[in-house]
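Before any comments, here is the structure.
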Amino acid sequence: MNLFSDIRVLVIDSLDGMVAEGALPAGLKFDNVTVEPPRDAAHGDMASNAAMVLAKPAGLKPRDIAENLAARLEADARVASVEVAGPGFLNLRLAQDVWRGVVTHVLAEGAEFGKSNTGAGHKVNVEFVSANPTGPLHVGHTRGAVFGDTLASLLSFTGHDVTREYYVNDAGAQVDVLARSAYERYREACGHAPEIAEGLYPGDYLVPVGQALKDKFGEALLDKGEADWLAEVREFATQEMMALIRDDLAAIGVTMDRFFSEKSLYGGDKIEAAIKALDDAGLIYEGVLEPPKGKLPDDWEPREQTLFRSSAHGDDVDRPVKKSDGSWTYFAPDIAYHYDKVTRGYDQLIDILGADHGGYVKRIKAVVSALSDGRVPLDIKLTQLVRLYKDGAPFKMSKRSGNFVTLRDVVDQVGADVTRFVMLTRKNDAPLDFDFDKVAEQSKDNPVFYVQYAHARVCSVLRRAEEASVPLSDSANLVDPAEFALARKLAEWPRLVEIAAREHEPHRIAFYLYDLAGEFHALWNKGNEFPALRFLQDDDPAASAAKIALPRAVAVVISAGLGILGVTPATEMR
RNA sequence: GCACCCGUAGCUCAGCUGGAUAGAGCGCUGCCCUCCGAAGGCAGAGGUCGCGCGUUCGAAUCGCGCCGGGUGCACCA
C-alpha cells in the first residue's frame, strides 16, 4: 500500500470523470500529474500539480480545473478538505481516520509494509567490490561493499530478482606480483630472509600464505626457477586471498551469490566470441589512435591496433582491445565479462566502481549498449573516497608500506552495524568522512545511535506495557499534531522505498530513518510536557493500548529499514 | 586540452521523474527532567542554492556558456 499512489489514482479517476462530463477535453495525458508530500506542512498532507500541468494542453485556466477537481476529490471519504492555492496547487487534507488506518495497516503488514512488486519479473545483476585478489579489503572497498549490498537488498525489497556478483581479477599481472610476493614469504617460512623487492606486496597478510605453501610443498619449490613455480603459487595464493576476502565480506554481512573468474574467460573462446559479436556489429577495426590533445605522453608513437568503435555508443574515443603485439588488452576480458552478463538474461546491470575508475564508465556502457543492442540498461555507480579521522585529525594511509586501514580494522573497532550505517550517511558520489571517535559515540550526533535509540525506546515501552498487562491493539488513537506527523512519516515509507530503488540510491533509506526517528523523539518528549501524549497511560490499559499502536508501527518501519541496510535494530542500549 | 563528478547556512551535508516562503545536523543564543530512558526535546539567529543566459505557468533541480575544486585520460590490470 502506498497512500500517495492511492490518492493519485483518486485524482486520475476524478480527471477521467471530468473528461467524461466534458469539463476537460479528451485525449489528455496524465503522466505528469503528481501527488506528493508538500514541503511545508501548512500546505496540508498532500499536494497535486494536476491543474497546472493540464492547464496548457487543455486550454483552460489552472484555477478553473483546480476548483472543479477539488469538489470531486472532496466527495471521497478519505479526503477531509481540498484547497486551491498559489498558481493552482491542490492541497489535500486527509481524514484523521486515514492516518489511524495507516498505523493499523503498518501493524497488519509488519515486515511486509513498504515492499512492492515494481521489480517483479526483473532480473538484476549488481556487481560490486570486485577488488583484486591480492590482499585484504580496505575502507574504500568497504563503502562499495555496503553500498552494493544495500542496493541489492533494496531491489529485492521491491521485488527484483537480484544477483550479487564479484568479478575476480585473477588473470592479470597483479596476480603474478601476488605470486612472487607469496613466494618470498614462502622462502621466509623455509628459513631464508625474504627479499620484498620494490613493487611486491609487503603486507604481513602474506606471511601465513608463505607458511601454508611450505606446509603444502615442503621445500620443493626452493630450487625451482620462477617459470616452474609461478603458476602453482599464483593459483594457491589467489585462492587464499579470495578466502580472506570472503571472510572480510562476511564480517560486514555481505554474501555474494557469485564470484566470476576473469581467468575463466581465457583459454576457451569467451573473449573471441565477445569480440566477434562486436565485429559482427561492425564495431571492430584495425586503426591508429590519435594522441590525446594537450597531454602528450613522452613515449607516444602511432601504433596500429585492433580497436573497438566505442565512440559509436557514446564513448569519446575508440578503445584498443588488442595490444600491438596481438595479445588482449585488459579491456578485452571486461568486454567478455559484460557480454556474459548480457547473455545471462538480466534486464538490468549495475556496476559499482570506485570513483577513480570514472574514466571507464563510458567505454563499459558502450560495450553493454553494443552487445545488447541497447536493450539492457547498465547503471554505473561510483563510490567516492572515504576519509578517515582519528582524534580529530586525518588518518593517513600508505599503500606502499602496506600500512592501510582494512575493513577488518574498522569492523573490529566500531562494529558491522555502525560501519554499514555510516557508509550510507552520504550520497554515493560525495566523499565520506569516517571519524572513528564520532562513530563510536552514543549521542544524537551519531545518526546510527539516534535511529537505534528510537527503536530501543519503543522496545522499552513495550516491555513496560507487558509488565502492566496492556493488551496490544492495532487500532490507534491519534489526536495530537505530533502523532499525525509521525503517522504521515510512516505513510511515506513505501514511496521512499520506491524512489530509492528506482534511483539506485540506498542512502535515502538511511536519511529517511533518521527523519523518522526525529519525529518519534519529538513526540516522545512531548509526553514530558503533556502526560496525555505518553504512550503508557497510568492505570488505563485500554488507553495505553491505543497509544502504543503508533510507536509499535514506528518500530516496524525502523526495523524494516535497518533490515535493508543490514543493520540490527537494537532492543535496548544500556 | 578532453571527459566525468562536485559547488546549497560559519562547518558537514540532504533536497522527491521541475513546484509554493530552500531543509537537517554541528557550532552559536535562550529554554525543558517531582514526568514512559534528558544517550532526548523545544525555540531563535544564520542563505545572491558558484556566476550568467535560456526553456517553463514555475528552476537548487532541465539545457548552454563561464568560474572554482576533485578524479581519470593511448598496448600497464
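Residue numbers start from 1 in every chain, and the chains themselves are labelled A, B, ... in the order their sequence lines are given, proteins ahead of strands.
For the OP1/OP2 pair of B/rG15 and a distance below 4.0 Å, the side-chain nitrogens and oxygens of A/His507 include at least one atom meeting the criterion. Contact between the side-chain N/O atoms of A/Trp328 and the OP1/OP2 oxygens of B/rA77 is not found at any separation under 4.0 Å. Residue A/Arg39 has a polar side-chain atom (N or O) positioned under 4.0 Å from OP1 or OP2 of B/rA20. When the side-chain nitrogen and oxygen atoms of A/Tyr514 are compared with OP1 and OP2 of B/rG23, none of them lie within a distance under 4.0 Å. For A/Arg464 and B/rG37, the shortest distance from a side-chain N or O to OP1 or OP2 is below 4.0 Å.
Nucleotides B/rC49 and B/rU8, compared at atom C1', are 4 Å apart to the nearest Å. Separation of the C1' atoms belonging to B/rU21 and B/rG58 is 15 Å when rounded to the nearest angstrom. Rounded to whole Å, the separation between the C1' atoms of B/rG50 and B/rG7 comes to 6 Å. Rounded to whole Å, the separation between the C1' atoms of B/rG47 and B/rA60 comes to 12 Å. Comparing the C1' positions of B/rC6 and B/rU12 gives a spacing of 15 Å, expressed to the nearest Å. Comparing the C1' positions of B/rG27 and B/rU17 gives a spacing of 36 Å, expressed to the nearest Å. Separating the P atom of B/rC2 from that of B/rA9 is a span of 29 Å, rounded to the nearest Å.
Using a 4.0 Å heavy-atom distance criterion, A/Pro431 is classed as a sugar-phosphate-only contact. Counting any heavy atom pair closer than 4.0 Å across all strands shown, A/Ser443 reaches sugar-phosphate atoms only and no base atom. Among the atoms of the strands shown, only primed sugar atoms or phosphate atoms (P, OP1, OP2) are found under 4.0 Å from some heavy atom of A/Arg457. Contacts of A/Val53 with the nucleic acid, taken as non-hydrogen atoms under 4.0 Å apart, include base atoms. A/Asn169 comes within 4.0 angstrom of nothing in the nucleic acid, heavy atoms only. Base contact: A/Glu572 has a heavy atom under 4.0 Å from a base atom. Using a 4.0 Å heavy-atom distance criterion, A/Lys362 is classed as a sugar-phosphate-only contact. Residue-level contact check: A/Thr34 touches the bases, meaning some heavy atom is under 4.0 Å from a base atom. At the heavy-atom level, A/Ser324 lies under 4.0 Å from base atoms of the strands shown. Nucleic acid contact class of A/Lys427 (heavy atoms, under 4.0 Å, all strands): sugar-phosphate only. Heavy atoms of A/His521 sit under 4.0 angstrom from primed sugar atoms or phosphate atoms, though from no base atom. Within 4.0 Å of A/Ala430, counting heavy atoms only, lie sugar-phosphate atoms of the nucleic acid but no base atom. Using a 4.0 Å heavy-atom criterion, one finds that A/Glu290 contacts no nucleic acid atom at all. Using a 4.0 Å heavy-atom distance criterion, A/Leu536 is classed as a base contact.
Ionic pairing of A/Lys489 and A/Glu492 is present here: one or more N-O contacts between side-chain nitrogen and carboxylate oxygen are shorter than 4.0 angstrom. Taking the charged nitrogens against the carboxylate oxygens, A/Asp351 and A/Lys381 have no contact shorter than 4.0 Å, which rules out a salt bridge.
The side chain of A/Lys444 sits closest to B/rG41 out of B/rC16, B/rG37, B/rG41. Which of B/rA77, B/rG40, B/rC16 sits closest to the side chain of A/Arg502 comes down to B/rC16. The side chain of A/Tyr330 sits closest to B/rC76 out of B/rA39, B/rA14, B/rC76. For A/Arg508, the listed nucleotide lying nearest its side chain is B/rG15; candidates were B/rA39, B/rG15, B/rC4. In the set B/rA77, B/rA74, B/rA20, the nucleotide with an atom closest to the side chain of A/His43 is B/rA20. Considering only side-chain atoms of A/Ser460, the nucleotide from B/rA77, B/rG41, B/rG37 that sits closest is B/rG37. Distance from the side chain of A/Gln442 is smallest to B/rA39 among B/rG41, B/rA39, B/rA77. When each of B/rA77, B/rC36, B/rC5 is scored by its nearest atom to the side-chain atoms of A/Tyr360, the top-ranked nucleotide is B/rA77. When the nucleotides B/rA74, B/rA3, B/rC76 are ranked by their closest atom to the side chain of A/Pro320, B/rA74 comes out on top. In the set B/rC6, B/rG19, B/rC16, the nucleotide with an atom closest to the side chain of A/Arg495 is B/rC16.
In this structure, A/Asp356 places its CG atom 13 Å from C1' of B/rC73, rounding to the nearest Å. Atom CG of A/Asn91 is separated from atom P of B/rU21 by 12 Å (rounded to the nearest Å). Here B/rU17 presents its P atom at 12 Å from CG of A/Asn49, a figure rounded to the nearest Å.
Between A/His521 and the choices A/Phe449, A/Tyr453, A/Tyr514, the ring pair (Phe, Tyr, Trp, His ring centres under 6.0 Å) rule is met once, by A/Tyr453.
Ring-to-base geometry places A/Phe89 in a stacked arrangement with B/rA20 (centre distance under 5.5 Å, plane angle under 30°).
Base pairing of B/rC2 is made with B/rG72, judged by Watson-Crick or G-U wobble geometry with both donor-acceptor distances under 3.5 Å. A 3.5 Å limit on both hydrogen-bonding distances identifies B/rC13 as the Watson-Crick or G-U partner of B/rG23. Within the shown strands, B/rA43 is the pairing partner of B/rU29 under the Watson-Crick or G-U definition, both distances less than 3.5 Å. For B/rU55, there is no paired nucleotide, since no Watson-Crick or G-U wobble pair has both relevant distances below 3.5 Å. Base pairing of B/rG7: its partner is B/rC67, meeting the Watson-Crick or G-U wobble criterion (both donor-acceptor distances under 3.5 Å).
Applying the salt bridge (charged side-chain N to carboxylate O under 4.0 Å, His left out) rule to A/Arg457 yields no partners; only residues at least two apart in sequence or on another chain are considered. Scanning for salt bridge (charged side-chain N to carboxylate O under 4.0 Å, His left out) contacts around A/Arg39 gives an empty result, with sequence neighbours left out.
A cation-pi arrangement, defined by a distance under 6.0 Å to the six-membered ring centre and an angle within 45 degrees of its axis, is absent between A/Arg387 and A/Phe434. Stacking of A/Arg495 on the aromatic ring of A/Phe4 is recorded, both the 6.0 Å distance cut-off and the 45° axial limit being met.
No side-chain heavy atom of A/Ile352 sits less than 4.5 Å from a side-chain heavy atom of A/Glu127. Residues A/Tyr166 and A/Met242 form a side-chain contact, since some pair of their non-hydrogen atoms from C-beta on lies under 4.5 Å apart.
Ring centers of A/Phe436 and A/Tyr389: at least 6.0 Å apart, outside the cut-off.
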Decide side-chain contact (heavy atoms from CB on, under 4.5 Å) for A/Ile284 and A/Leu278; before the verdict, give the C-alpha distance in whole Å, the side-chain angles of both, and the deciding distance to 0.1 Å. CA-CA 6 Å; A/Ile284 297 291; A/Leu278 291 176; 3.7 Å; yes
Determine whether A/His138 and A/Arg143 satisfy the following criterion, side-chain contact (heavy atoms from CB on, under 4.5 Å), listing intermediate values before the conclusion. CA-CA 9 Å; A/His138 62 251; A/Arg143 188 171 184 187; over 6 Å; no
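Less than 4.0 Å separates RNA chain B from at least one heavy atom of each of the following residues of residues 56-66 of chain A: A/Lys56.
Along RNA chain B, the nucleotide nearest A/Leu385 and the nucleotide nearest A/Ala517 are compared for position; the residue whose nucleotide lies closer to the 5' end is A/Ala517. Residue whose closest nucleotide on RNA chain B sits further toward the 5' end, between A/Leu90 and A/Met573: A/Leu90.
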